[in-house]
J.: 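Take this structure first; my questions come after.
First the proteins, then the strands, lettered A, B, ... as listed; each starts at 1.
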Amino acid sequence: MNLKSIVNRHLVDSLEKLNLTVESFDLSSPKNPKFGDLSTNVALVLAKQVGKNPMEIAKDIEKAILIDNSIISEVNVTPPGFINFKISPSYYQSVVQQIINKDEHFYSGKVGKGKTANVEFVSANPTGPLSVGHGRQAVIGDTVASILQWHGYDVTREYYYNDGGKQMRTLATSVEGRYFQAIGKDIEWSDEFYQGDYIKDIANDILKEFGNKVKAGDKIFRKSAEERIFSNIRSTLENIGIKHDIFSNEKNFIKPANIEKTINALHQKDLTYIEDGATWFKTTSLGKEQDRVLIKSSGEPAYRLPDILYHCDKFERKYDLLIDIFGADHIDSYPDVVSALEALGYNTSSLRVLIHQFVTLTKGGEKVKMSTRKAEFVTLDELTNMVGKDVVRYFFIMRGMNTHLNFNIELAQDQSDNNPVYYLQYAHARICNIIRHGEQQGITFNKDFDSSLLIKDAEIGLLKQLNQFPNIMATALESLEPRTIANYLQSLATSFHKFYTECHVITEDNELSLSRLALVLATKNILSKGLDILGISSPERM
RNA sequence: GCCCCGGUAGCUCAGCUGGAUAGAGCAACAGCCUUCUAAGCUGUGGGCCACAGGUUCGAAUCCUGUCCGGGGUACCA
């Protein structure tokens, strides 16, 4: 049971004694330590209801609270009517035992037990290497999935791609053009083609593998391009520790019968009409500015339709929770997809759409426009090679997903020495070093340590941070914002480094050494667990 | 035009489901290694939380408006 709910219970009990009822109030740790460890505004909230001075109410509640010395050591009231609780050190000291004894509370959540979740992310079509922009989505998606797993969800990481459209045809034509150039034919090269050198590489590979007799329009151009690019994408993702469980292709569910069924269903709700040969989705009747095309006059589905069908498919797979990670370019279209799904009778409350803002790249103070077709981008692989997986991952989640991430390329290269990720990893490496040092001195961990010896400020401070971990995970689940964890690990590392400077672990005092060793081990567990969720390694040495 | 995001220390940003004296890193300056890794720690300086109203006992946080910056906005996906 966590600290907050214990104190909360005491508080609610005393409110009952006083015949006071209140809908909601806040109980949280105040910024200023002089107000104790936990603080509540109940009295302030009640003041209006009861029509009394908040200070008086607070005093009444204070008197009514039963003090349980093993947990609450002191209660006091401060103006304008806050009730503050001081938690006794013995509670915090017990945290070490809980962590060392693998108390579940610190290692997993219950919310998702027995439930399934699907996280869809990246979902870039195989037209070129993944860019830095895709990288942000990849890391956010993977980390969100890990957060769900911590809470017990059975998570499927899914990658959706759609290779039926114009982009893929252009890709094939581009490869074909490069192929014929390579065998010396004079080909008219269009600006519309994909410009990157990887197109030439693919063409050269086709030349090597199939010789110079391949005819124009052969399926091999497109097939090779898709295969090679996809395997490249997979290895790019693998380089930053990401593996999808399912790659779903639109071909599996975009079948004429499916399309017809869906269009008919929407038509029955009077949500479609035909104009200029195209089938339109009447989004204006759902409050949007303009209607959107579902099927182009050419008969080809426009992108909203495959998205709708794909989501129907996911809903049919009966996940308890569906999460889509999209870039800001989807901000206009996803509400249409959701509306369509609702119109089709799906309960969209299990769907959460996370929109992240784009990464703006600057190079030499100039903005770099990112276009796959023009090959103007820094690839995710290039970035990973420059700064390493851990830094890439940390960089992408240390800022909130809905802020624009300004990525300065020079800085990223430069940063390798004073990057915040090293601060976290360094804390872990230091702990490992303490453990090694202890072993050399013949001091190793023993279950019979006495945690009541941990009384210095730096020790209690570290214990308080450790105690926060489950709360942080709960917050992360609610917000699905990986940054929450990154910020927490920063402050955990700060508490540890402070402890490290102020308290020697391996000392002549055997008892004390054992207690501190236990504290340090508990810190190691939580730190590496947190880093693990972020997909960042916990080095033993640095 | 419409939509989304942002405006907090010199720089990069935390804090934003309202709480008491607004935080961290970098940069500047001053200290700390004869005992577990100085990629660390301690201290100093630095702020009208863009602006103006509103709600509230209480606003960086919520609401409205204004200004500035970034991005999105096809019968491309």
J.: Grab the CZ-P distance between A:Phe496 and B:A24 for me, whole Å please.
T.: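 Distance check: A:Phe496 CZ to B:A24 P gives 20 Å.
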
J.: Tell me: CE of A:Met398 to P of B:A14, nearest whole Å?
T.: 9 Å

J.: Taking the six-membered ring for Trp, does A:His504 stack with B:C36 (centroid gap under 5.5 Å, planes within less than 30°)?
T.: yes

J.: Expressed as a whole number of Å, how far does the P atom of B:C57 sit from that of B:G25?
T.: 38 Å

J.: To the nearest Å, how far apart are A:Ile431 CD1 and B:A39 C1'?
T.: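 It works out to 15 Å between those atoms.
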
J.: Is there a donor N/O on one and an acceptor N/O on the other, under 3.5 Å, for the side chain of A:Ser298 and the base of B:C75?
T.: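 Looking at the base of B:C75, it does not pair with any donor or acceptor on the side chain of A:Ser298 (distance under 3.5 Å).
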
J.: Could you go through nucleotides 8-10 of chain B and list every protein N or O atom that sits under 3.5 Å from one of its N or O atoms, giving the distance for each pair?
T.:
none

J.: For B:G10 and B:A27, measure between their C1' atoms and round to the nearest Å.
T.: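 It comes out at 8 Å once rounded to the nearest Å.
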
J.: Quote, to the nearest angstrom, the P distance that separates B:A39 from B:U44.
T.: 24 Å

J.: Would you call the rings of A:Tyr161 and A:Phe230 parallel, tilted or perpendicular, taking 30° and 60° as the class edges?
T.: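 The arrangement is perpendicular - the two ring planes meet at more than 60°.
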
J.: Determine whether the side chains of A:Ser248 and A:Glu158 contain a donor N or O and an acceptor N or O closer than 3.5 Å.
T.: yes

J.: Could one point to a donor on the side chain of A:Tyr422 or the base of B:A39 with an acceptor on the other under 3.5 Å away?
T.: no

J.: Output the distance between atom CD1 (A:Ile259) and atom CG (A:Leu294), rounded to the nearest 0.5 Å.
T.: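 CG of A:Leu294 is found 10.0 Å from CD1 of A:Ile259.
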
J.: Could you check whether A:Ala47 gets within reach of a base, just the sugar-phosphate, or nothing at all, counting any heavy atom under 4.0 Å?
T.: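 Here A:Ala47 touches no strand at all.
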
J.: If you only use heavy atoms from C-beta on, which nucleotide in B:A38, B:A77, B:U21 is closest to the side chain of A:Tyr426?
T.: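 Output: B:A38.
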
J.: Does the side chain of A:Met401 reach to within under 4.5 Å of the side chain of A:Phe396, using non-hydrogen atoms?
T.: no

J.: Within the 4.0 Å heavy-atom criterion, would you say A:Gly400 contacts the bases, only the backbone, or no part of the nucleic acid?
T.: sugar-phosphate

J.: Is any side-chain heavy atom of A:Leu11 closer than 4.5 Å to a side-chain heavy atom of A:Phe85?
T.: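 Sidechains of A:Phe85 and A:Leu11: in contact.
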
J.: Could you check which of B:A77, B:C75, B:C36 has an atom nearest any side-chain atom of A:Gln167?
T.: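 The answer is B:A77, which lies nearest to the side chain.
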
J.: For nucleotides B:G46 and B:G23, find the distance between their P atoms and express it as a whole number of Å.
T.: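 Result for the P pair: 14 Å, nearest Å.
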
J.: Hey, is A:Phe35 doing a stacking thing with B:A20, by the 5.5 Å centroid and 30° angle criteria?
T.: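 A stacking contact exists, since A:Phe35 sits close and nearly parallel to the base ring of B:A20.
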
J.: For B:C41, measure the glycosidic angle (O4'-C1'-N9-C4 for a purine, O4'-C1'-N1-C2 for a pyrimidine) and name it syn if it falls within 90° of 0, otherwise anti.
T.: anti

J.: Give A:Cys432 one of three labels, base, sugar-phosphate or nothing, depending on what nucleic acid heavy atoms sit under 4.0 Å from its own.
T.: nothing

J.: A:Arg430 side chain: which of B:C41, B:A77, B:A38 is closest?
T.: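 So the nucleotide nearest the side chain must be B:A38.
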
J.: Under 4.5 Å between any side-chain heavy atoms of A:Arg234 and A:His244, yes or no?
T.: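 SC-SC contact between A:Arg234 and A:His244 ruled out.
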
J.: By nearest atom, which of the nucleotides B:C13, B:G40, B:G15 is closest to the A:Asn487 side chain?
T.: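 Nearest to the side-chain atoms of A:Asn487, counting from C-beta on, is B:G15.
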
J.: Rounding to a whole Å, what distance do you find between A:Arg292:CZ and B:A77:P?
T.: 13 Å

J.: Write down the distance between CE (A:Met542) and P (B:G40), rounded to a whole number of angstrom.
T.: 9 Å

J.: Check every strand shown and say whether A:Asp26 touches a base, only sugar-phosphate, or nothing at a heavy-atom separation below 4.0 Å.
T.: nothing

J.: On a whole-Å scale, what distance lies between the P atoms belonging to B:C63 and B:C4?
T.: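 Result for the P pair: 12 Å, nearest Å.
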
J.: Evaluate the side-chain proximity of A:Ile295 to A:Glu300: yes if any heavy-atom separation is below 4.5 Å, no if none is.
T.: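 In short, these two side chains do not touch, never coming nearer than 4.5 Å.
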
J.: For RNA chain B, which residues of residues 435-443 of chain A approach it to below 4.0 angstrom with any heavy atom?
T.: A:His437

J.: Under the criterion ring-ring contact (aromatic ring centres under 6.0 Å, His included), I'd like the reasoning laid out for A:Phe326 against A:Phe121: C-alpha separation, chi angles, the key distance, then a yes or no.
T.: CA-CA 7 Å; A:Phe326 289 147; A:Phe121 61 108; over 10 Å; no

J.: Measure all distances between protein nitrogen or oxygen atoms and nitrogen or oxygen atoms of nucleotides 3-7 of chain B, and list the pairs falling under 3.5 Å.
T.:
{"from": "B:C4", "atom 1": "O2'", "to": "A:Gln357", "atom 2": "NE2", "distance (Å)": "3.4"}
{"from": "B:C5", "atom 1": "O3'", "to": "A:Asn402", "atom 2": "O", "distance (Å)": "3.3"}
{"from": "B:C5", "atom 1": "O2'", "to": "A:Asn402", "atom 2": "O", "distance (Å)": "2.5"}
{"from": "B:C5", "atom 1": "O2", "to": "A:His404", "atom 2": "NE2", "distance (Å)": "3.4"}

J.: Quickly work out the A:Arg483 CZ to B:A24 P distance and round it to whole Å.
T.: 18 Å

J.: May I ask you to decide if the ring planes of A:Phe358 and A:His356 are parallel, tilted or perpendicular, using 30° and 60° as cut-offs?
T.: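 Geometry flag for A:His356 against A:Phe358: perpendicular rings.
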
J.: State which of B:C75, B:A60, B:A38 makes the closest approach to the side chain of A:Lys31.
T.: B:A60

J.: Roughly how far apart are A:Leu492 CG and A:Ile485 CD1, rounded to 0.5 Å?
T.: 12.5 Å

J.: Considering only the C1' atoms, how many Å lie between B:U21 and B:C29, rounded to the nearest integer?
T.: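 Looking at atom C1' only, B:U21 and B:C29 are 25 Å apart.
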
J.: Which part of the nucleic acid, if any, lies within reach of A:Asp329 when heavy atoms closer than 4.0 Å are counted: base, sugar-phosphate only, or nothing?
T.: base

J.: Could I get the full list of ring-ring contact (aromatic ring centres under 6.0 Å, His included) partners for A:Tyr310, not counting sequence neighbours?
T.: A:Tyr160, A:Phe253

J.: Can you pull every protein N or O that's under 3.5 Å from an N or O on nucleotides 54-58 of chain B?
T.:
{"from": "B:C57", "atom 1": "OP1", "to": "A:Lys48", "atom 2": "NZ", "distance (Å)": "3.3"}

J.: Taking B:A14 as the reference, what is the distance to B:G54 when you measure between their C1' atoms (whole Å, please)?
T.: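 Nearest-Å result for B:G54 against B:A14 at atom C1': 28 Å.
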
J.: Does A:Tyr161 reach a base, just sugar-phosphate, or nothing at all? Heavy atoms under 4.0 Å.
T.: nothing

J.: B:C75 P sits how many Å from A:Glu300 CD, rounded?
T.: 14 Å

J.: Can you find a side-chain donor-acceptor pair between A:Asn84 and A:Asn76 that sits under 3.5 Å?
T.: yes

J.: Can you find a pair of side-chain heavy atoms, one from A:Thr173 and one from A:Glu192, that are under 4.5 Å apart?
T.: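 They are not in contact (no side-chain heavy atoms under 4.5 Å apart), so the answer is no.
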
J.: In whole angstroms, how far is the P atom of B:A38 from the NZ atom of A:Lys498?
T.: 17 Å

J.: For a quick check, tell me whether the side chain of A:Ser39 and the base of B:A20 share a donor-acceptor pair closer than 3.5 Å.
T.: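 Indeed, a donor on one side and an acceptor on the other fall under 3.5 Å apart.
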
J.: Quick check: any donor-acceptor pair below 3.5 Å linking the side-chain of A:Asn84 to the base of B:A20?
T.: yes

J.: Please verify the inter-ring angle class for A:Phe496 with A:Phe499; under 30° counts as parallel, over 60° as perpendicular, anything in between as tilted.
T.: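 A:Phe496 and A:Phe499: tilted rings.
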
J.: Considering only the C1' atoms, how many Å lie between B:G70 and B:G31, rounded to the nearest integer?
T.: 42 Å

J.: Can you give the dot-bracket line for RNA chain B, using ( ) for pairs inside the strand, [ ] for pairs that cross earlier ones, | for pairs with another strand and . for unpaired bases, where Watson-Crick and G-U count if both distances are under 3.5 Å?
T.: ((((((((.[[[[.)...(...]]]].(((((.......))))).....[[[[[..)....]]]]])))))))....

J.: Where do A:His267 and A:Tyr273 land on the ring-ring contact (aromatic ring centres under 6.0 Å, His included) test, with the steps shown first?
T.: CA-CA 7 Å; A:His267 191 67; A:Tyr273 62 90; 9.5 Å; no

J.: Would you say the side chain of A:Arg222 lies within less than 4.5 Å of the side chain of A:Val175, judging by non-hydrogen atoms?
T.: no

J.: Under 6.0 Å from the NZ atom of A:Lys282, do we count more than 12 heavy atoms belonging to anything else shown?
T.: yes

